[in-house]
Amino acid sequence: MKQKKWPEAWHEVTPGCIVFEPGNASTYKTGSWRAQRPIWDNKKCIKCGICYVFCPEACISETAEGFFAADLDYCKGCGICAHECWPQAIVMVEEEV
Amino acid sequence: MNTVENFEIYAPKLIEKREFFSPGHRACQGCGEVLALRLLLKALGEDTVVSNATGCMEIISSAYPHTAWNLPYIHVAFENAAAVASGVEAGLKALRRKGKIADRYVKSVAIAGDGGTVDIGLQALSGAMERGHDMIFFCLDNEAYMNTGIQRSSATPFMAATTTSPAGKAIKGQRTGKKNVPEIMVAHNIPYVATACPSYPLDLMNKVEKARKTIGPSYIHIFSVCPTGWRAASNETVKLGRMAVETGFFPLYEVENGKYRLTIDYPEKRRPMADYLRLQGRFRHLDPADIAKVQELVDKEFRKLMHKVKTSVPWS
């Protein structure tokens, strides 16, 4: 049976509205909020990780080669990474519809 | 070109990799409060119980049946985050004594917004600090009640326009200055009080780690930029935080056993307030005379702080 996304009747609501699965907000993809997406230029990237530290979504992670990439399922396109990147290796480009 | 000051290159690679606040939370684009929360949870680590007052951080993280928290978390009413955190601390102590939980150190942490700290939660906070519970209280200060639609709180700065202190002919925004809660906490004679800003992430994380190691109550006031409520660009969140610190509007300091210490170096001539105010829509009604007034107020507060930094002595 497919797992339900949320309780569908009052008796399925847990007492005290306790959620038993930590971090399950990740099933909700906020990437659709985005109007601009960050693009990394790995030639300019110095692998400092400042984009990783300043991302409020926690969606930027280190790749195997040491560069950084955003998980576009969650990236809301705020542009902090592009603004704070000091070698200016990140640019924001408009999302095409 | 943006330069990042006070930041060691490649230090980001050394910080905690695990995320205790999962992606998929519903915060606005460029939320500085979530950024602060994410960094402070990284510094706290996994042996932590969080009590969170109502506010932005509760609304965006725990929309039933989802939760963004990877830590034990309880949402409580607006006024009693500190009271619940002190109860959690006492409860953990009792359970540990009875041998019902593993014998390891678990920190009880209360997190509240500025409304839950400086207005509604102040008496519970004062009580918890006075009783001397072994807990940390974090105030994530975004300078108004943002989650209900930008109503003024007593942490709103002088002359900021909010929906309940609109700028017009009769008044020019908020008529009073920002309440100095770190100072109230120092008056409780607690071992550790600090101010921090997520624009200085390593400084913030060092302070949180220090508070975690402190036995007894500690209080950290975190300045968190809210681009939505401040009518600012979402990509300038970190820049605004840095400017607030550089202008001396929100100086970073810590108070250990009554001894004040600035945690960043200020030059003789600080950055003018006009630079900071001009980036925000909530200050756009200010004319040069008003900006001078704001500058004067900030200078006064800064002088007071510098006096304390120079003259205070540890009381232990």
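In this text the structure is predicted, and so the values were computed from the model without any measurement. Each chain gets a letter, A, B and so on, in the order the sequences are listed, and its residues count up from 1.
Interface remark: Thr27(A) contributes side-chain atoms only to the contact with chain B (heavy atom separation under 4.5 Å). Using a 4.5 Å cut-off between heavy atoms, Pro227(B) makes no contact with chain A at all. Both the backbone and the side chain of Ala27(B) come within contact range of chain A, judged by heavy atoms closer than 4.5 Å.
Judged purely by atom type and a 3.5 angstrom limit, Glu57(A) has no side-chain atom pairing as donor or acceptor with the backbone of Pro23(B). No donor-acceptor pair under 3.5 Å is formed between the side chain of Lys239(B) and the backbone N or O of Ile80(A). Side-chain atoms of Ser26(A) do not come within 3.5 Å of backbone N or O of Ser22(B) as any donor-acceptor pair. Under a 3.5 Å cut-off, the side chain of Asn24(A) and the backbone N or O of Ala68(B) do not form any donor-acceptor pair.
Contact count versus chain B (heavy atoms, under 4.5 Å) is highest, among Pro22(A), Cys17(A), Gly23(A), for Gly23(A). Counting heavy-atom pairs closer than 4.5 Å to chain A, the top-ranked of the candidates Ser234(B), Cys31(B), Gly32(B) is Ser234(B). The candidate from Asp71(A), Ile18(A), Asp73(A), Thr14(A) with the greatest count of non-hydrogen atom pairs under 4.5 Å with chain B is Thr14(A). In terms of heavy-atom pairs under 4.5 angstrom with chain B, the leader among Gly31(A), Ala58(A), Ser61(A), Gly16(A) is Ala58(A).
For the atom pair CD (Glu19(B)) and SG (Cys55(A)), the distance works out to 8.5 Å, reported to the nearest 0.5 Å.
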Open item on the list: For a side chain to side chain contact (heavy atoms under 4.5 Å, CB included) check, start with the C-alpha distance between Val13(A) and Tyr64(B), then their side-chain angles and the critical distance, and finish with the verdict.
Closed with: CA-CA 9 Å; Val13(A) 174; Tyr64(B) 187 78; 3.8 Å; yes
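His25(B) places none of its side-chain heavy atoms less than 4.5 Å from the side chain of Tyr28(A). Residues Leu39(B) and Val53(A) are in side-chain contact: their nearest non-hydrogen atoms beyond the backbone lie under 4.5 Å apart.
Here the closest heavy-atom approach between residue Glu62(A) and residue Lys17(B) is recorded as OE1-CE, 3.9 Å. Nearest heavy atom pair, residue Pro65(B) against residue Val19(A), reads O-CG1, 3.5 Å.
Just one residue in the list Gln36(A), His83(A), Glu84(A), Met92(A) forms a side chain to side chain contact (heavy atoms under 4.5 Å, CB included) with Asn235(B), and that residue is His83(A).
Judged by a 6.0 Å distance limit and a 45° cone about the ring axis, Arg38(B) is positioned over the six-membered ring of Tyr52(A).
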